[in-house]
Amino acid sequence: MKKSLIAVTAALLVASPAYAQDTVKIGMVAELSGAGAPAGTNWRDGIKIAVEEINAAGGILKKKVEVTEYDTQTDPQVSRAMVQKAIDAGAYAIWGTIYSGSTMVNMLVAQQNSTPQFVGSEAPAIVQKGNPFVYRTSSGAQKGVPALTPYFKNTLKAKKVGVAWVNNEFGKGGRNVFIDEMKKAGIEVVADVASEQAQTDYASDVAKLKQANPEAVFVYMNQEESARFLIEAKKQALSMPLVGEVTLTEAKVIELAGGAAEGAIAHVGVTATATDVPGIGAFAKKFEETFKRKPTHDAIKGYVGAWATKYVTEMVGKFDGEAFSKKILGLCLKVADHPKILLDTCWDKTGEMSRPSFMVQVKNGSPVVIGTVPAN
Amino acid sequence: MSQFLQVLLSGLATGSIYALAAIGFALVWQAAHTVNFAQGEFVMVPAFFVLIGMGFFGMPFWLALGFGLVVSMLVLGYAFKKMIVEPILPHGGITLIIATMALAILLKETVKEFYSAEAQPFPALFSNTPMNFFGAAVSMQDILNLLVSLGVVVLLTLFLNRTRTGRCMQAAAQNPAVAEILGVDVKRMVLYTFLINAALAALASFLITPVYLAKFSNGETIGLIAFIAAIVGGFNQIRGALVGGLLVGVLDNLTATYVTAQYRAALPLVLLIVIILVRPQGIMGTSEGRSV
């Protein structure tokens with residue numbers, strides 16, 4: 001009798017949903033504190049909305065998504081340890097990181113474990129390393145920055161420009177691409193001003209740009225640095241157009257810089273202000289209702305990364321990193337078939353992403369779409 | 001020339017705020033013969049008191065500034081003295097220094113926990129509209145920052161040297177035992193010192209946060225630079241803290257503009273080493289005699 005009871009109990013345990021692995025673990029590794037916190041928290045919150053939707057839609061391959069958050073503290077070495085920790089805990093995929101300096105270090109860990117990794121980083125070097133397990137959630141600087149060249153050449157008709165950039169992996173990547181692009185376009189770079197991450201005083205940087213007197217300045221910094229730069233630029237009456245890639249017109253930058261952000265222009269891979277795009281409009285509305293603030297492009301990137309994980313995994317039909325990699329490299333997802341991808345999106349053989357993008361300008365305290373740029 | 005003027009004025013404006021924080025090091029040193037390594041956090045926190053006043057209590061900005069000032073004096077002045085300095089000081093200066101380090105971490109992590117790790121915008125006290133000053137565009141904010149800081153130092157110096165209370169505070173700082181025999185209420189004088197330090201830190205916070213933005217980690221930068229400014233100027237002299245603050249602010253900007261921006265963070269440390277080697281008591285400081 002006793003043996004029978006044990007056998008029945010064991011059989012029930014094996015058969016029960018709790019015993020069967022009915023969840024898929026994902027490691028959300030992001031900059032939740034430190035200099036990258038504005039980007040990391042938005043990335044995380046975009047993911048939260050995506051995961052809620054994915055689970056409501058039956059999860060991935062009928063398994064509920066279970067996300068564990070890991071804070072990199074905006075430290076590359078910590079991020080590496082966190083990715084390892086997530087993989088050791090059984091993560092099927094990694095979502096993050098945002099800062100390129102961290103991704104450059106931690107993506108090797110995911111690669112060694114054949115773990116798919118969606119990143120918000122935009123430094124060109126990330127997809128040039130030949131890592132088949134790292135995928136962008138927005139275009140890298142080598143795609144985004146060239147999209148600005150026609151703006152400098154044809155719209156601003158600039159003959160000499162300045163560049164103000166943050167001296168980290170993200171900033172260096174964008175700055176190098178920009179300088180090459182200007183050379184190709186026959187535009188002279190008369191000021192090349194580097195600043196440090198988490199720098200607080202931009203008086204000398206702005207003074208240098210002012211002295212060089214360019215017709216426009218390309219600003220390539222992270223959010224807080226961008227805001228501080230804009231505040232100082234206003235204090236010193238820097239009068240030429242300030243044009244950025246991605247961050248310069250973000251909601252957080254506008255909030256921090258206040259009136260100093262007025263008039264700033266940027267090319268953005270994706271923006272929550274593009275509410276004419278139905279998916280983006282719905283996401284922005286839901287994000288604002290949930291978190292009582294406007295989403296940044298990092299929130300959309302996190303959202304897209306999470307949904308791309310579901311779409312591609314279900315195309316593969318199993319949780320297999322190697323098979324995932326083979327499937328996504330060279331894949332295009334159409335919004336018509338995969339609405340939550342928000343815009344028609346392709347990944348090339350390096351994990352680089354292509355999709356339509358936008359030019360935005362800060363007007364009356366809000367980023368306003370002033371043009372679209374086709375996918376390149 | 002306009003660029004030099006621009007950089008010089010910006011450096012003076014920022015340096016004057018460092019000076020306010022540096023004075024705090026000098027005051028606490030005189031009152032308790034210890035170094036308050038939470039001084040940077042003392043400058044970071046008041047901005048959040050103001051944001052709490054505006055965000056949670058719906059106060060207008062100017063009222064919130066008053067609220068921030070009062071709460072700063074209560075928490076960073078009165079409570080700091082009563083709950084940390086008084087109980088720990090009898091166990092020695094080193095113990096107290098370690099306690100201030102712990103306090104710095106506590107303040108930083110508390111702000112991060114309750115107000116998020118993200119930077120917050122902070123309204124400017126003065127207009128940011130630029131004015132032409134011999135070819136340099138200087139904001140009203142920079143000029144008034146400089147004037148307010150200089151005014152505070154002048155008033156503080158006058159208060160300490162020309163008023164009875166100020167002289168009693170100096171007497172209490174220099175020789176508490178003798179001051180007490182002469183009828184000075186030493187405990188009260190020490191309390192005044194801590195309250196003044198908290199008020200100065202709050203003022204520095206209100207002036208610098210519109211540019212630095214309100215962030216839990218701001219104290220690290222401000223504390224280090226102010227500490228170096230205090231040593232460079234002379235740790236036992238208020239006017240030395242002013243000179244040190246202005247010197248660090250100006251040299252930082254001049255170096256970043258004309259030499260290299262990449263090593264600007266190292267400049268204050270280089271300056272510190274040079275001063276320690278050449279003039280250990282600081283530019284304006286006086287040697288303190290010791291009997292052995």
B:Ser10 and A:Gln236: CA distance, side-chain angles, deciding distance, side chain to side chain contact (heavy atoms under 4.5 Å, CB included) verdict: CA-CA 10 Å; B:Ser10 295; A:Gln236 292 194 29; 4.2 Å; yes
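Contact of A:Gln223 with chain B is not made at all, since no heavy-atom distance falls under 4.5 Å. For chain A, the nearby part of B:Thr14 is the side chain; its heavy atoms alone come within less than 4.5 Å. When heavy atoms are compared at a cutoff of 4.5 Å, A:Glu224 approaches chain B by way of both its backbone and its side chain. Of the two parts of A:Leu32, only the backbone, made up of N, CA, C and O, holds a non-hydrogen atom closer than 4.5 Å to a non-hydrogen atom of chain B. The contact between B:Phe216 and chain A is made entirely by side chain atoms (from C-beta outward), counting heavy-atom distances below 4.5 Å. In this structure, chain B has a heavy atom under 4.5 Å from the side chain of A:Asn167, while its backbone stays farther away. The contact between A:Ala227 and chain B is made entirely by side chain atoms (from C-beta outward), counting heavy-atom distances below 4.5 Å.
Per-residue heavy-atom pair counts under 4.5 Å with chain A were compared for B:Val138, B:Val211, B:Asn218, and the maximum is reached by B:Val211.
The OG1 atom of B:Thr221 sits 11.0 Å away from the CG atom of A:Asp201 when rounded to the nearest 0.5 Å. One finds the CD atom of B:Gln6 at 9.5 Å from the NZ atom of A:Lys235 (value rounded to the nearest 0.5 Å). With rounding to the nearest 0.5 angstrom, the CG atom of B:Asp252 is 7.0 Å from the OG atom of A:Ser204.
Residue B:Pro210 comes nearest to A:Ile231 through the heavy atom pair O-CD1, 3.7 Å, listed as atom of the first residue, atom of the second, then distance. Across all non-hydrogen atoms, the minimal contact from B:Pro121 to A:Leu256 is N-CD2, 3.5 Å.
Within the 4.5 Å cutoff, side-chain heavy atoms of A:Lys208 are placed close to those of B:Gln3.
Around the NZ atom of A:Lys85, the shell of radius 6.0 Å holds no more than 12 heavy atoms that belong to other residues, nucleotides or ligands. Counting heavy atoms of neighbouring residues, nucleotides and ligands inside a 6.0 Å radius, atom CE of A:Met240 exceeds 12 of them.
Between the side chain of A:Arg228 and the main chain of B:Tyr212, a donor-acceptor pair closer than 3.5 Å is present.
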